[in-house]
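All ligand and atom numbering here is 1-based and tracks the order in the structure.
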Amino acid sequence: MDDKGFVLIDLHTHSSKSDGILRPQAVVSRAYDKGVRILALTDHDTTSGWTEAAEEAQRIGIRLISGIEFSSQWSGRGIHIVGLNFDPEHPVMVEAVKRQQNARLERTEMIVRHLEKRGIRGSYDGARGYAGEGSVCRPHFARYLVECGAVPSVKAAFQHYLRDAKLGAVNGMWATIEEVVSWTEQAGGVAVLAHPEKYKLTRAKLRRLLGDFRDAGGRALEVASGRQDPASVSELIALAGELSLQASVGSDFHDPEHGWQDIGCVAPLNSEVDCVWSEWV
Ligand code: MN
Ligand code: MN
Ligand code: MN
């Protein structure tokens with residue numbers, strides 16, 4: 001807390017348990033060094049970093065909130081929903097993670113076949129190598145595509161190979177937003193719609209998504225995500241208010257070299273905003 005009573009909060013980060021670069025322990029200590037005092041580790045479809053992160057959090061004195069970033073689908077699109085402050089050992093959560101891991105495996109196989117059709121060989125082993133002990137995610141394929149010379153950069157890998165609509169949200173593969181919200185709630189947590197601007201929806205469509213999300217029991221909207229235009233933060237706060245959703249914030253940290261989404265890189269919210277963490281701290 002600084003002398004004005006401000007506490008830096010980051011409720012969206014990734015470790016090497018999914019597509020982040022740092023181990024869970026290192027994510028927690030980096031967060032502390034960046035001044036974050038309330039943190040959630042939200043790896044894609046897994047809570048496997050929880051124990052390691054919680055031990056480190058206790059050791060250095062940072063409040064760790066349990067977290068996960070679920071992949072889901074809505075209206076033929078991939079939508080990410082962050083679950084926060086649930087019991088990681090709750091049977092519903094354990095089952096949900098298993099199901100999501102199976103869906104990820106299916107998606108991984110689909111990417112491998114898609115790349116093979118386009119003349120890229122060995123992508124499974126290549127991506128696996130980058131994933132290490134974590135689950136294989138698209139950025140791992142991207143790094144392999146750079147390594148084998150198919151593209152000059154990770155960005156180009158997404159543009160030319162991995163952002164294919166077919167690979168984003170395949171009908172029936174990911175859970176629906178209703179399912180994901182319900183798993184999170186049953187495990188005692190709250191569901192947050194992640195990075196709303198990333199989906200490139202029109203305002204009308206975003207309103208429709210948020211309405212459906214709220215009707216399913218979703219409680220909050222991530223209004224600040226990484227380095228962002230202040231005008232868009234205010235707009236999202238207004239939108240959250242209109243839809244009776246609370247506000248959440250998170251950097252979506254993956255890699256220390258990505259300064260625009262380093263840990264703690266979130267716009268501060270003014271004290272009138274109804275925040276998702278208000279009951280926890
Ligand atoms: Mn990611
Ligand atoms: Mn995401
Ligand atoms: Mn994320």
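Looking at Asp19 and the Mn ion (ligand 1) together, the shortest N, O or S contact belongs to OD2.
With sequence neighbours left out, the ring pair (Phe, Tyr, Trp, His ring centres under 6.0 Å) criterion links Phe70 to Trp183. Scanning for salt bridge (charged side-chain N to carboxylate O under 4.0 Å, His left out) contacts around Asp19 gives an empty result, with sequence neighbours left out.
Other residues, nucleotides and ligands contribute only 12 or fewer heavy atoms inside 6.0 Å of the CD atom of Glu257.
Take a cut-off of 2.8 Å around the Mn ion (ligand 3): the protein N, O or S atoms inside it are His12 NE2, His14 NE2, Glu69 OE1, Asp252 OD1.
Under the 3.5 Å distance criterion, the side-chain polar atoms of Arg37 are matched with a main-chain donor or acceptor of Tyr32.
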Report all side-chain donor-acceptor pairs from residues 210-221 shorter than 3.5 Å, counting only partners two or more places apart or in another chain.
unit_1, atom_1, unit_2, atom_2, d
Asp212, OD2, Trp74, NE1, 2.8
Arg214, NH1, Leu243, O, 3.3
Arg219, NE, Glu185, OE2, 2.9
Arg219, NH2, Glu185, OE2, 3.3

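Of the residues Thr46, Asp45, Asp43, the one that meets the side-chain hydrogen bond (donor to acceptor under 3.5 Å, both in side chains) test with Ser18 is Asp43.
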